[in-house]
Amino acid sequence: MEKTVLIVDDSATARMLIKRCLEIAGWSDATILEAANGIEAIAILHEEEIDLLLTDLNMPRLDGIGLLKAIRAKDIVKNLPVVVITSTGNAAKEEALRKAGASAILSKPISPAIIVETLEAIFGE
Amino acid sequence: MGCVDGKICSALATALSSTLETLAFAEIDPLDVEAYKKDPNDNDITLRDESIWAQIPFVLPFKGYLTILLVPDLANNLTEGIYGFLEKDMLSEEVVFDSIAEISNILAGQFCTNYLGDDIFFELGLPDKGRTIDESEIPVHDGVEYKLDYSVEGFQLTVILVTDAFA
């Protein structure tokens with residue numbers, strides 16, 4: 001079944017790079033939706049059925065941690081796979097994000113190979 | 001101040017090299033601007049006059065800022081490299097600003113990872129960006145300043161680190 005992916009990042013360049021990685025990783029049939037911050041993402045989550053959410057951490061209005069906590073607190077989307085893609089990722093940050101409910105944490109810049117590996121681990125495909 | 005601290009210099013050069021190579025397939029070389037002005041060699045390098053700049057704050061575990069300043073043609077070339085544009089007229093200033101801000105964001109993150117290691121939690125703020133012919137228009141901050149110049153595809157790129165953490 002075709003999947004719907006929500007990419008959340010305040011940088012249009014970052015969203016484009018993630019979208020390109022998904023296409024190269026074999027997700028070119030997926031429907032891609034975009035949001036520039038956590039508030040926009042939550043509005044989309046109320047309207048659309050999302051299979052995978054990829055989010056930045058550093059964003060205005062509502063950041064990635066706030067979005068992650070909001071998702072994990074809502075019954076309808078609490079099991080949604082959330083991949084955090086951040087420029088501030090290291091082992092110390094990874095532990096905190098895992099505790100907050102992140103399914104995976106990737107450091108920018110990402111590559112199609114790491115996206116493939118991550119999505120295979122999440123969806124088992 | 002130039003790059004007198006080897007650890008900072010190395011962390012920054014590695015971060016800049018990997019960021020630009022991964023995002024835009026661009027290579028960097030250290031540039032001594034004053035020496036180049038006195039004795040330009042055969043490799044013509046376009047020095048900055050007007051600049052596109054992006055600045056990102058360090059929030060944790062130290063306060064400070066990382067600013068990158070580029071010749072506008074280099075900013076356009078890097079943006080083309082990132083987006084894979086074939087048409088020059090697809091390059092709006094908004095797209096160029098956004099891509100340079102994203103470069104500064106990734107560069108600052110890679111620098112912190114290289115400098116601090118894997119076990120220290122760090123945070124960055126949101127990037128600011130702009131275009132100027134007068135460097136003094138770029139917001140300045142208190143602290144020790146490290147200014148490093150590089151040549152990228154024949155254009156000058158400057159990185160300025162300002163923080164008290166390295167004093």
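So that the names make sense, note that chain A is the first sequence line, chain B the second, and so on, each numbered from 1. Keep in mind that this is a model prediction, so the values were computed, not measured.
No more than 12 heavy atoms of other residues, nucleotides or ligands lie within 6.0 Å of CD in A:E95, so this atom counts as exposed by the packing criterion. Within 6.0 Å of CD on B:E137 lie more than 12 heavy atoms contributed by other residues, nucleotides or ligands.
For the options A:A91, A:S111, A:P60, A:A96, heavy-atom pairs under 4.5 Å to chain B are most numerous at A:A91.
Using a 4.5 Å cut-off on side-chain heavy atoms (C-beta onward), A:L57 and B:E123 make no contact. Side-chain contact between B:Q110 and A:K108 is absent, with no heavy atoms from C-beta onward closer than 4.5 Å.
From A:D10, atom CG reaches atom CG of B:N105 across 8.0 Å, with rounding to the nearest 0.5 Å. Interatomic distance, OG of A:S11 versus CG of B:L126, reported as 11.5 Å (0.5 Å rounding). If you take CD1 on A:I110 and CD1 on B:I106, they are separated by 9.5 Å, rounding to the nearest 0.5 Å.
The hydrophobic cluster containing B:I160 does not contain B:I8, counting ILVMFWY residues as joined when their side-chain heavy atoms lie under 4.5 angstrom apart, directly or transitively. Note: the hydrophobic cluster containing A:V82 also contains A:I42 (ILVMFWY, side chain heavy atoms under 4.5 Å, direct or indirect links). No single ILVMFWY cluster, assembled from side-chain heavy atoms under 4.5 Å apart, contains both B:W53 and B:L16. In the hydrophobic cluster analysis, where Ile, Leu, Val, Met, Phe, Trp and Tyr join through side-chain heavy atoms closer than 4.5 angstrom, A:V116 is grouped apart from A:L54. The same ILVMFWY cluster, assembled from side-chain heavy atoms under 4.5 Å apart, contains both A:I122 and A:W27.
The parts of B:S99 that come within reach of chain A are both its backbone and its side chain, each placing non-hydrogen atoms under 4.5 angstrom from that chain. Heavy atoms of B:L23 lying under 4.5 Å from chain A belong exclusively to its side chain.
Under a 3.5 Å cut-off, the side chain of B:D119 and the backbone N or O of A:A92 do not form any donor-acceptor pair. Remark: the backbone N or O of B:I120 is paired with a side-chain donor or acceptor of A:N90 at under 3.5 angstrom. The backbone N or O of A:T13 sits less than 3.5 Å from a side-chain atom of B:D98, completing a donor-acceptor pair.
Residues B:Y83 and A:R20 approach most closely at O-NH2, 2.7 Å, considering heavy atoms. When all heavy atoms of B:F121 and A:K93 are compared, the closest pair comes out as CZ-CE, 3.3 Å.
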